[in-house]
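What follows is a set of notes on a single structure, which appears directly below.
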Amino acid sequence: MKFKGFKGALVVMIGLGQMTGLSMAQTACQDDLNCKSSWVGQDSKAMNRLFAFADDYKAFIAKARTELSFVEEAIKFAGKYNFKPLKSNSPMTAGARYYEVNRDRAISFIVIGKAPLDKGINVIGAHIDSPRLELKGRPLYSNGEFALFQTNFHGGIKNYQWTNIPLALMGRVDKKDGTTVAINVGLNPDDPVFVIADLSPHTDRGYGDKKVKAIIKKEDLDPIVGHIPNISGNNVGARVMAYLTATYGISRADLVSAELALVPAYAPRDLGFDRGLIAAYGQDDRLASYAAMRAISGLKAPQKTAMAYLVDNEEVGNRNNTGAKSAYFSSFVAGLLSRKLGTDYREVALKQTLRNSKMVSIDVNPGINPKNPGVWEAGNAPKLGYGVNIKLYGQGNSANSEYIAWTRNYLDKANVPWQTTTYKVGVAGGGTIGGEFSRQDMEVIDLGVPVLSIHTPYSISSKIDLYSLYRASRAFFNTGL
Ligand code: MN
Ligand code: MN
């Protein structure tokens with residue numbers, strides 16, 4: 001949507017016009033004591049640009065709600081922006097644009113640079129899985145007048161938040177004959193949805209003394225998936241199974257080899273009268289993944305080769321061969337090098353390339369919540385609308401100070417507003433993919449943007465931070481040797 005001058009607020013936004021990007025020279029938080037919201041000083045052109053970007057983002061994540069669906073949508077995106085599938089004989093010429101999919105659950109985009117590959121790659125890494133429920137291998141059962149699914153969980157969730165909201169079922173079932181059946185129910189307005197039913201207030205009087213975590217246990221997060229019994233009059237589950245077989249050609253046993261996720265079915269929406277915020281499921285970390293994709297899609301022939309590396313399974317510890325711990329990354333870089341070097345390829349060239357590479361691991365992080373500011377130490381806490389944040393974890397987990405300084409330099413040159421983040425010591429924390437790459441001898445820094453209600457069914461981001469992250473990503477890709 002176009003920004004429709006929100007009267008009153010717009011008064012402070014006019015002025016300081018610039019041709020490209022945002023007008024942020026005056027508002028970046030380099031001096032943290034004199035720091036203003038990035039919104040202050042934006043002209044209507046900049047507002048229209050960042051509102052349009054937010055619309056594109058919302059449309060993308062409306063469909064891309066799991067790693068599988070993200071990769072599907074990203075392949076369409078790749079086609080639109082002229083990235084070709086990487087092949088064994090793809091030329092490594094400056095400006096060439098490729099993508100490669102790892103087992104349908106991770107995707108990388110590259111634009112080949114002018115400098116030799118072993119001078120290093122500029123990599124932005126982000127993850128495309130989000131916290132959700134998923135089906136057990138034997139999910140379907142009947143209980144009285146209902147059929148339900150047994151579920152497991154992926155990532156950190158607060159159980160009670162997943163009750164009484166519309167859930168969609170997305171994923172795949174793999175059959176013994178090698179075929180794959182896609183299932184996607186609940187996102188279209190006329191689809192049915194699935195709901196985990198909590199007690200109504202009339203019947204929950206025993207709840208009063210219970211702790212929040214005890215009210216709904218993880219094992220109890222089973223959505224209702226059917227209600228009409230079969231002909232014998234008592235087996236709702238059998239009727240649901242018959243429906244699945246008739247509709248998808250799958251048996252009960254086929255559900256063992258399946259990856260079926262239950263995700264919130266809400267559409268992404270603008271939030272607030274001024275539409276400055278985005279409410280959506282799964283912004284962790286598809287906000288960063290989308291910004292990185294958009295940034296790399298705008299490159300022509302950068303000096304250094306650029307890569308957007310988008311992986312699965314961050315929310316469960318970077319596991320499996322599609323997660324950030326996988327050797328796939330170094331194999332992928334080795335493959336690029338051997339395309340260039342042919343029989344001259346040696347492992348030392350790979351090690352050199354990794355050593356010379358720079359990575360920005362981007363992952364959203366909790367911003368100050370207006371209802372609970374006390375969980376932060378405010379001087380080192382990220383605020384929505386104040387730009388990208390440099391994560392300073394301490395305890396051996398931060399980037400080294402010279403790489404932080406180098407990062408500040410390109411952000412300041414591009415007028416990207418930035419702030420810093422350190423959790424309240426000893427009482428908060430979270431992980432990212434960054435550590436998996438620093439252990440491979442790469443230079444790694446963690447950036448993020450602050451988001452409210454991360455890991456809930458409907459998280460909240462600021463449109464201007466999303467746009468600032470895109471601009472930060474673009475500035476990083478354009479850094480040279
Ligand atoms: Mn994350
Ligand atoms: Mn997360």
Side-chain angles (χ1 to χ4, degrees), residues 92 100 102 106-113 115-128 285 288-289 291-292 295-296 299 302-314 317-319 321-341 345-363 388 390-411 431-448 472-481:
M92 297 285 103
E100 185 171 273
N102 179 10
I107 186 167
S108 308
F109 294 81
I110 49 168
V111 177
I112 305 299
L117 265 176
D118 61 5
K119 296 289 180 197
I121 302 173
N122 284 338
V123 186
I124 293 181
H127 68 92
I128 58 176
D285 188 31
S289 299
I296 200 167
L299 296 178
Q303 193 177 16
K304 286 176 76 175
T305 293
M307 181 188 298
Y309 189 74
L310 309 177
V311 285
D312 186 16
N313 279 338
E314 189 274 344
N318 300 321
R319 290 182 193 136
N321 50 21
T322 49
K325 275 195 171 86
S326 169
Y328 171 83
F329 177 77
S330 60
S331 301
F332 182 61
V333 175
L336 297 176
L337 275 167
S338 62
R339 280 178 186 84
K340 187 90 181 171
L341 301 175
Y345 172 78
R346 281 177 184 66
E347 202 193 357
V348 69
L350 170 63
K351 301 285 183 193
Q352 205 61 48
T353 304
L354 293 174
R355 171 112 190 151
N356 290 335
S357 291
K358 290 193 172 74
M359 175 175 238
V360 185
S361 160
I362 310 183
D363 202 345
V388 302
I390 298 172
K391 299 187 194 176
L392 303 173
Y393 303 105
Q395 304 179 348
N397 291 316
S398 302
N400 60 52
S401 53
E402 59 269 33
Y403 189 42
I404 298 172
W406 183 87
T407 300
R408 283 173 48 212
N409 189 39
Y410 76 75
L411 292 175
T432 73
I433 63 171
E436 312 302 341
F437 298 91
S438 57
R439 85 174 80 237
Q440 300 187 52
D441 200 25
M442 295 167 69
E443 214 60 84
V444 181
I445 190 167
D446 272 47
L447 294 188
S473 304
R474 198 173 57 181
F476 168 71
F477 281 140
N478 281 317
T479 59
L481 295 173

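For this chain, numbers begin at 1 and follow the sequence in order.
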Do F329 and N102 come within less than 4.5 Å of each other through their side chains, counting heavy atoms only?
no
dist L447:CG -> I362:CD1 (nearest 0.5 Å) comes out at 5.5 Å
So, taking the atom named CG in N478 and the one named OG in S473, what distance separates them when rounded to the nearest 0.5 Å?
11.0 Å
Which pair of non-hydrogen atoms, one from L341 and one from A349, has the smallest distance, and what is that distance?
CD1-CB, 4.1 Å
Between E436 and K325, is there a side-chain N and carboxylate O pair less than 4.0 Å apart?
yes
Could you work out, with side-chain contact (heavy atoms from CB on, under 4.5 Å) as the rule, every residue matching S289, not counting sequence neighbours?
F70, A126, I128, L310
So do the side chains of M442 and V123 get within less than 4.5 Å of each other, counting heavy atoms only?
yes
Pair Y309 and F109, ring centroids less than 6.0 Å apart:
no
Here the gap from L411 atom CG to T479 atom OG1, rounded to the nearest 0.5 Å, amounts to 10.5 Å
pair Y345-K340: side-chain heavy atoms closer than 4.5 Å:
no
Once side-chain contact (heavy atoms from CB on, under 4.5 Å) is applied, do any residues pair with T305, and if so which ones, sequence neighbours excluded?
I112, L117, I121
Contact between S361 and I445 at the side-chain level, heavy atoms closer than 4.5 Å - yes or no?
no
Taking the side chain as every heavy atom from C-beta outward, state whether V311 and Y328 have any atom pair closer than 4.5 Å.
no
Apply side-chain hydrogen bond (donor to acceptor under 3.5 Å, both in side chains) to Q440 and list each qualifying residue two or more places apart in sequence or on a separate chain.
none
With sequence neighbours excluded, what pairs up with T407 under the side-chain hydrogen bond (donor to acceptor under 3.5 Å, both in side chains) test?
none
Can you check whether H127's main-chain N or O pairs, donor with acceptor, with D285's side chain at less than 3.5 Å?
yes
With D441 via side-chain contact (heavy atoms from CB on, under 4.5 Å) - residues at least two apart
R355
State, without any angle test, whether S357 and N122 hold a side-chain donor-acceptor pair at a distance under 3.5 Å.
no
Residues forming a side-chain hydrogen bond (donor to acceptor under 3.5 Å, both in side chains) with Y393, sequence neighbours excluded:
D446
CG-OG distance between L337 and S330, expressed to the nearest 0.5 angstrom:
11.0 Å
What are the two closest heavy atoms between I124 and A292, and how far apart are they?
CG2-CB, 3.7 Å
Inter-residue atom distance R474.CZ - I296.CD1, 0.5 Å rounding
14.0 Å
Within a 6.0 Å radius of atom CD on E347, are there more than 12 heavy atoms belonging to other residues, nucleotides or ligands?
no
Do T432 and D363 pass the side-chain hydrogen bond (donor to acceptor under 3.5 Å, both in side chains) test, and can you show the C-alpha distance, the side-chain angles, and the key distance before you say yes or no?
CA-CA 7 Å; T432 73; D363 202 345; 5.4 Å; no
Residue pair N400 / E443, side-chain donor-acceptor N/O under 3.5 Å
yes
Answer yes or no: is there a donor N or O on one side and an acceptor on the other, between the side chain of S326 and the main chain of N321, under 3.5 Å?
yes
State, with a plain yes or no, whether a side-chain heavy atom of V388 is found less than 4.5 Å away from one of I390.
no
pair F332-I110: side-chain heavy atoms closer than 4.5 Å:
yes
Whether W406 and Y403 hold their rings parallel, tilted or perpendicular, with breakpoints at 30° and 60°
parallel
Please answer whether the main-chain N or O of G435 pairs with a side-chain N or O of N397 as donor and acceptor at a distance below 3.5 Å.
no
Looking at CZ of R319 and CG of D312, how far apart are the two atoms once the value is rounded to the nearest 0.5 Å?
12.0 Å
Are K304 and F477 close enough that some pair of their side-chain heavy atoms sits under 4.5 Å apart?
no
